*Asks:* 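Just dropping this structure here.
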Protein chains: 2
Amino acid sequence: MNSIPITATRADNPEAPTLARRSFDSIKADIISGQLAQGTKIVESDLALKYGISRGPLREAIHRLEQIKLIVRVPHAGSRVITLDIKMMQDIYSAREALEGMAARLAARLMTDNEIAALSALLDQHADTIIQTEGKAYFQREGDIDFHFRIAVASQNHWILENLHGELYQLIRMCRHQSGQFPARAHTALDQHRQIAEAIARRDEELAELLMRRHISGAWEIVKKILEDQND
Amino acid sequence: MNSIPITATRADNPEAPTLARRSFDSIKADIISGQLAQGTKIVESDLALKYGISRGPLREAIHRLEQIKLIVRVPHAGSRVITLDIKMMQDIYSAREALEGMAARLAARLMTDNEIAALSALLDQHADTIIQTEGKAYFQREGDIDFHFRIAVASQNHWILENLHGELYQLIRMCRHQSGQFPARAHTALDQHRQIAEAIARRDEELAELLMRRHISGAWEIVKKILEDQND
DNA sequence: ACTTGCATAATTGTTGACAATTAATGAATT
DNA sequence: AATTCATTAATTGTCAACAATTATGCAAGT
């Protein structure tokens, strides 16, 4: 288990200047990867010992994990790692559909021609990767996230970007990691990405939003089936 | 200024069992009402003194306020009360449009007949209130929030409800409080609410979402003009 | 006059101890 | 045997002191 004591100082990593943030990152990774199993009781003193820090900064990390819904906390009773269920994932995918649909609409309005060209190039690159890796799921995952992330950035909507990137994607990643790998529908996804990119290139906001929503709700249908099959 | 030292104990208020939560509520109210002005530097020791608690729980409160975007915090440099600008409000209204549109769609699918009847009754009540108060803005505000809140609850989507109620509405409330009161377009709003409720009653998901989005983007146009006029 | 560098002060980050609350254990009673 | 109640243990909440970092002000040099 990845329980390296966090002893690095400020200068070592300007990105994570504080113990609280470093432990936050570590714990987050452990939860998403499943090394901290769902439903695990979080005992502050234990975790503090494990990560080699005191309870103060660890507490801050826990609070931040609570905010991105990776941990549930009840006053005086402690915290547990979240347990994903179908209902929760359904809620997340619905929210994602709404937000990414809006992001695609805004991207169609705001993207520069250069950005659009870069987006198209990214998809070409994904096509190559798919051929080379022959459906090795991992790279497709990252490619998928790449695409969606770019749309969110291009929307120039800070709130949407933060919530997609900081919260929803984390939960989806966690779900993927722990429900075994999802099936490789790489070609379908790439086709849909291409259609979305083309709608954006045509500045067709309506269509870009529609296609993005269809893309995501389609993904949900597949995820849903997998989750249902697992619970039998 | 509302600087009552927080000395109450657990039994006094089961809803806010911890100093951190009580101070969170207090500070939140102070920020939204403007008693803690936008851009104010937050000094932990000062605030701790003001609220009569130590820095520990106060820090937790600050972290939570950061998460709902009422405070911005930079490591080792401290925190400030957020400063609302037009861009931020635009982002918020766009996100709200997407999420509440989805909520209306889900509500049209999931609401029971009883809930629909209750929603209709609520709107009748609002109509009465409008006549009685003759455009006194405050009650209209709360009525408006009432309606939107019910839709969010009816969507049965926990993520959407949490983000609307816990974060977006807070920022909109803050904007209203501090940009002077918004104009009373009570009758227009009520009409639109009625149309949305009717679409829900007919189980027309598509129309419910469409009308809700139009309602919110219309509201944004008005808010936008007000904010632009103020900055001249 | 402007910049540079150092010394000082102010503020945040971190820690370990203490208090309050909840959960667990087990004895006494019906 | 089951239930209640008190006792104990475990865990979270709170506090005040200490360390690390950043901001401030002043003096010296160019």
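So you know, we letter chains A, B, ... as the sequences are listed, proteins then strands, and number each from 1. Predicted, not measured: the structure shown is a model, and the values here were computed from it.
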*Asks:* Going by distance alone, is a donor N or O of one side chain under 3.5 Å from an acceptor N or O of the other, for A/Asp144 and A/His126?
*Replies:* no
*Asks:* Sequence neighbours excluded, which residues qualify as salt bridge (charged side-chain N to carboxylate O under 4.0 Å, His left out) partners of A/Lys87?
*Replies:* A/Asp91
*Asks:* According to the ring pair (Phe, Tyr, Trp, His ring centres under 6.0 Å) rule, which pairs have a member within residues 152-172 of chain A, sequence neighbours left out?
*Replies:* A/Phe149-A/His165
*Asks:* For the residue pair B/His148 and B/His215, categorise the inter-ring angle as parallel (less than 30°), tilted (30 to 60°) or perpendicular (more than 60°).
*Replies:* parallel
*Asks:* Tell me every residue that passes salt bridge (charged side-chain N to carboxylate O under 4.0 Å, His left out) with B/Lys69, counting only those two or more places apart in sequence or in another chain.
*Replies:* B/Glu167
*Asks:* Do you know the tightest heavy-atom contact between B/Ile172 and B/Tyr93?
*Replies:* CG2-OH, 3.9 Å
*Asks:* Ignoring hydrogens, what is the shortest heavy-atom contact between A/Ala152 and A/Ala103? Give both atom names and the distance.
*Replies:* CA-CB, 4.4 Å
*Asks:* D/dT11 C1' sits how many Å from A/Leu47 CG, rounded?
*Replies:* 13 Å
*Asks:* Please give me the minimum heavy-atom distance between B/Ser94 and A/Asn157, naming the atom from each residue.
*Replies:* CB-ND2, 3.5 Å
*Asks:* Report all interatomic pairs (protein N or O, nucleotide N or O of nucleotides 13-17 of chain C) with separations under 3.5 Å.
*Replies:*
unit_1 : atom_1 : unit_2  : atom_2 : d
C/dG13 : OP1    : B/His76 : N      : 3.2
C/dG13 : OP2    : B/Arg59 : NH2    : 2.4
C/dG13 : O5'    : B/Arg59 : NH2    : 3.2
C/dG13 : O3'    : A/Thr18 : OG1    : 3.2
C/dG13 : N7     : B/Arg55 : NH2    : 2.8
C/dG13 : O6     : B/Arg55 : NH1    : 2.9
C/dT14 : OP1    : A/Thr18 : OG1    : 3.2
C/dT14 : OP1    : A/Leu19 : N      : 2.5
C/dT14 : OP2    : A/Thr18 : OG1    : 2.8
C/dT15 : OP2    : A/Ser54 : N      : 3.0
C/dT15 : OP2    : A/Ser54 : OG     : 2.8
C/dT15 : O5'    : A/Ser54 : OG     : 3.3

*Asks:* Reckon B/Ile42 touches a base, only the sugar-phosphate, or nothing at all at heavy-atom distances under 4.0 Å?
*Replies:* sugar-phosphate
*Asks:* Would you tabulate the nitrogen or oxygen pairs shorter than 3.5 Å linking the protein to nucleotides 8-10 of chain D?
*Replies:*
none

*Asks:* Checking A/Gln38 side chain against A/Leu84 main chain: does a donor-acceptor pair fall under 3.5 Å?
*Replies:* yes
*Asks:* Quick one: which of A/Arg73, A/Arg80, A/Lys28 gives a salt bridge (Lys or Arg N to Asp or Glu O under 4.0 Å) with A/Glu66?
*Replies:* A/Arg73
*Asks:* Between protein and nucleic acid, restricted to nucleotides 7-10 of chain C and to nitrogen or oxygen atoms under 3.5 Å apart, what atom pairs and distances do you find?
*Replies:*
none

